[in-house]
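Computed from heavy atoms alone, side chains included, the values below leave out hydrogens, waters and symmetry copies. Because the structure is a prediction, the values reported are computed rather than measured.
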Amino acid sequence: MPLNIIGMIGVAPPGHTAVHVIGGGIDPQFLGEFARTHEQAGFDAVLVGYSASSAEGFQVAQFCANRTEQLKFLVAHRPGFVAPTLAARTTATFDNLTDGRLWLHVITGGVDADQRRDGDWLTHDERYARTDEYLDVLRRTWTSDRPFDYDGKFYRVERAYSEVRCAQRPHVPVWFGGVSDAAIGVGARHCDVYALFGESRAGIADSIARVRAAAAPHGRSPRFNVSFRPIIAATESAAWTKAREILAGVLQATGGRHREPEAETARRLIRLAADGEIHDERLWTPIAGASDGSGNTTALVGTPDQVADAIANYYELGVAGVLLRGFDPLNDAREYGRELIPIIRSRIAAVDARIKASHSDAHATA
């Protein structure tokens, strides 16, 4: 089946090597250009990120939807700050007004300080327990054909009901992320797509197995998405030179300062970086180490053909989508559209054709 290719948009031009793209004030002209560039480059969707100090994601996505035609929007959403009944109506309204172009990325939150900026003082595991209830109420509001009651620890509603239904049925796809036991327990129960940061193929295979095992008792079989930072050039040598220049920019921006991250995903990436600079053929980790595991900073380094081959290898593990963004976000999106995305599509089509032929041969000899 086709591989979903997702980018990420920010609201203003970054001032330096961009580890993060969701901060800063809003530049409407840049934002519209950023979204249109992704659509023209052949991305299927773009992530609209979330932090407790950044622009509100649904409004950002609505603005960009009005300036594009087919691009989908993966909107990051933190449970706990609006009622799940209101969130259900908000997402269903957006989905109808954009003719089914919304995906919802549920981000429970792994950093206490950022949660507290929005007034949330729950512990890590308490937040996931709240998310569990939140998604119960959210899905029932989307799908229930009659008013319902819910009496939980965090949410209590009486005769909840929504007259507006999602354009996508049974509802907009729910994405989830996190590698802690609490995250996997909740995400595997609820999500349609589980999002993972870029790791070695062995690490991704391990995470897929954990999520599938946790999802099976609930009768669920989520798809998987993995995030990478491709660093590409015409030759492999030039790509590695480019990668080291980007690392120098990150080190200059951070001043070599480090802190111990709270999020388990970030700690896992730091351990990956400590285990070696290069994993598999071209998964490169020093930028993840330099940025304390934040910002989806594991890179695939090489020529467009080499990076496309690496992504195809993940696809054969069961990965159904990749989030690709660069350290020069706008220009990299253009370059990916010219140099990388067409080759990825070709590689995935070849894998599918080979699998189909193998199945046909198996049936013929059965």
Do I6 and W103 pass the side chain to side chain contact (heavy atoms under 4.5 Å, CB included) test, and can you show the C-alpha distance, the side-chain angles, and the key distance before you say yes or no? CA-CA 11 Å; I6 304 161; W103 298 341; 3.9 Å; yes
Audit row: R156, D149, salt bridge (charged side-chain N to carboxylate O under 4.0 Å, His left out) steps and yes/no: CA-CA 8 Å; R156 183 180 181 186; D149 299 340; over 6 Å; no
Go through it in stages, so that I can follow the logic: the residues are E69 and R101, the test is salt bridge (charged side-chain N to carboxylate O under 4.0 Å, His left out), and I'd like the CA-CA distance, side-chain angles, deciding distance and then a yes or no. CA-CA 10 Å; E69 295 181 0; R101 293 164 62 189; over 6 Å; no
After noting the C-alpha distance and the side-chain angles of E245 and F327, does the key distance pass the side chain to side chain contact (heavy atoms under 4.5 Å, CB included) rule? CA-CA 11 Å; E245 290 171 351; F327 295 96; over 6 Å; no
Could you walk me through whether L122 and Q115 satisfy the side chain to side chain contact (heavy atoms under 4.5 Å, CB included) test, starting with their C-alpha distance in whole Å, then the side-chain angles of each, then the deciding distance to 0.1 Å, before giving a yes or no? CA-CA 9 Å; L122 295 184; Q115 297 294 126; over 6 Å; no
D136 vs K153, salt bridge (charged side-chain N to carboxylate O under 4.0 Å, His left out): CA-CA, chis, key distance, verdict: CA-CA 12 Å; D136 277 339; K153 177 181 178 180; over 6 Å; no
Applying side chain to side chain contact (heavy atoms under 4.5 Å, CB included) to D309 and R347, what does each step give before you reach the verdict? CA-CA 7 Å; D309 285 340; R347 293 292 194 278; 2.5 Å; yes
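There is no path of hydrophobic side-chain contacts, each under 4.5 Å, that joins L138 to Y50. Hydrophobic clustering, with ILVMFWY side chains joined whenever heavy atoms are under 4.5 angstrom apart, groups V307 together with V322. I278 and I287 fall within the same hydrophobic cluster, where Ile, Leu, Val, Met, Phe, Trp and Tyr residues are linked whenever their side-chain heavy atoms come under 4.5 Å apart, directly or through other members. L323 and I343 fall into different hydrophobic clusters, where Ile, Leu, Val, Met, Phe, Trp and Tyr residues are linked whenever their side-chain heavy atoms come under 4.5 Å apart, directly or through other members. The cluster map of Ile, Leu, Val, Met, Phe, Trp and Tyr, joined by side-chain heavy atoms under 4.5 Å apart, puts L97 and L74 in different clusters.
Using a distance-only test at 3.5 Å, with no hydrogens or angles considered, a donor-acceptor pair links the side chain of T91 to the main chain of A88. For the pair D280 (side chain) and R201 (backbone), a donor-acceptor distance under 3.5 Å is present. For the pair E339 (side chain) and P304 (backbone), a donor-acceptor distance under 3.5 Å is absent. R220 places a side-chain N or O within 3.5 Å of a backbone atom of H190 that can act as its donor or acceptor partner. Side chain of S346 to backbone of P342: no donor-acceptor contact under 3.5 angstrom is found. Between the side chain of T68 and the main chain of Q70, no donor-acceptor pair closer than 3.5 Å is present. Judged by distance alone, the side chain of T285 and the main-chain N or O of A288 form no donor-acceptor pair under 3.5 Å. Distance alone, capped at 3.5 Å, places no donor-acceptor pair between the S162 side chain and the T85 backbone. Under a 3.5 Å cut-off, the side chain of E281 and the backbone N or O of Q306 do not form any donor-acceptor pair.
Heavy-atom contacts from other residues, nucleotides or ligands closer than 6.0 Å to CZ of R116 number more than 12. The local environment of CZ in R159 is sparse, with at most 12 non-hydrogen atoms from other residues, nucleotides or ligands closer than 6.0 Å.
Salt bridge D95/R165: absent, no basic N to carboxylate O contact under 4.0 Å.
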Distance-only check: which donor-acceptor pairs under 3.5 Å involve side-chain atoms of residues 26-34, not counting sequence neighbours?
| from | atom 1 | to | atom 2 | distance (Å) |
| --- | --- | --- | --- | --- |
| D27 | OD1 | Q29 | N | 3.3 |
| D27 | OD1 | F30 | N | 3.1 |
| E33 | OE2 | R334 | NH2 | 2.6 |

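The OH atom of Y150 sits 15.5 Å away from the CD atom of E158 when rounded to the nearest 0.5 Å. T303 contributes atom OG1, which lies 6.5 Å from atom CZ of R282 (distance to the nearest 0.5 angstrom). To the nearest 0.5 Å, atoms CZ (R78) and OG (S51) are separated by 7.0 Å. One finds the CG atom of L317 at 11.5 Å from the CG atom of D206 (value rounded to the nearest 0.5 Å). Interatomic distance, H38 NE2 to L330 CG, rounded to the nearest 0.5 Å: 8.0 Å. To the nearest 0.5 Å, the span separating CD on E335 from CD1 on I232 amounts to 4.0 Å.
Ring geometry, W142 versus H171: the interplanar angle falls under 30°, so the pair is classed parallel (tilted spans 30 to 60°). Note: F58 and F94 have perpendicular aromatic rings, judged against thresholds of 30 and 60 degrees for the angle between ring planes. Aromatic ring pairs are classed by plane angle as parallel below 30°, tilted from 30° to 60° and perpendicular above 60°; the pair Y155 and Y134 is perpendicular.
Partner of F176 under the side-chain contact (heavy atoms from CB on, under 4.5 Å) criterion, out of V211, V193, T131, L104: T131 alone.
In this view, E316 and R354 satisfy the side chain to side chain donor-acceptor pair (under 3.5 Å) rule, not counting sequence neighbours.
Contact detail for G321 and V319: the closest heavy-atom pair is O-CG1, 3.1 Å. Between R229 and G326, the closest heavy-atom pair is NH1-O, 3.4 Å. Pairing each heavy atom of L247 with each of A290, the nearest pair is CD1-CB, 4.1 Å. Of all heavy-atom pairs between V60 and I9, the closest is CG1-CD1, 4.5 Å. Contact record, L283 with S200: CD2-N, 3.2 Å, taken as the closest heavy-atom pair. Pairing each heavy atom of V226 with each of G198, the nearest pair is CG1-CA, 3.6 Å.
Residues I311 and L324 are in side-chain contact: their nearest non-hydrogen atoms beyond the backbone lie under 4.5 Å apart. Counting heavy atoms from C-beta on, the side chains of P329 and M8 never come closer than 4.5 Å. R268 has its side chain within reach of S207: a pair of non-hydrogen atoms, C-beta onward, lies under 4.5 Å apart. Side-chain contact check for L272 versus F197: every heavy-atom pair is 4.5 Å or farther apart. Between S54 and V11 the shortest side-chain heavy-atom distance does not fall below 4.5 Å. Counting heavy atoms from C-beta on, the side chains of K242 and I246 come closer than 4.5 Å. Side chains of D332 and R325 form no contact here, defined as non-hydrogen atoms less than 4.5 Å apart. Looking only at side-chain heavy atoms (C-beta outward), D112 and R127 come within less than 4.5 Å of each other.
Residues near I107 contribute nothing to a hydrophobic cluster around it, because no ILVMFWY side-chain heavy atom sits closer than 4.5 Å to its side chain.
Defined by atom type and a distance below 3.5 Å, a donor-acceptor pair is present between the side-chain atoms of D352 and Y315.
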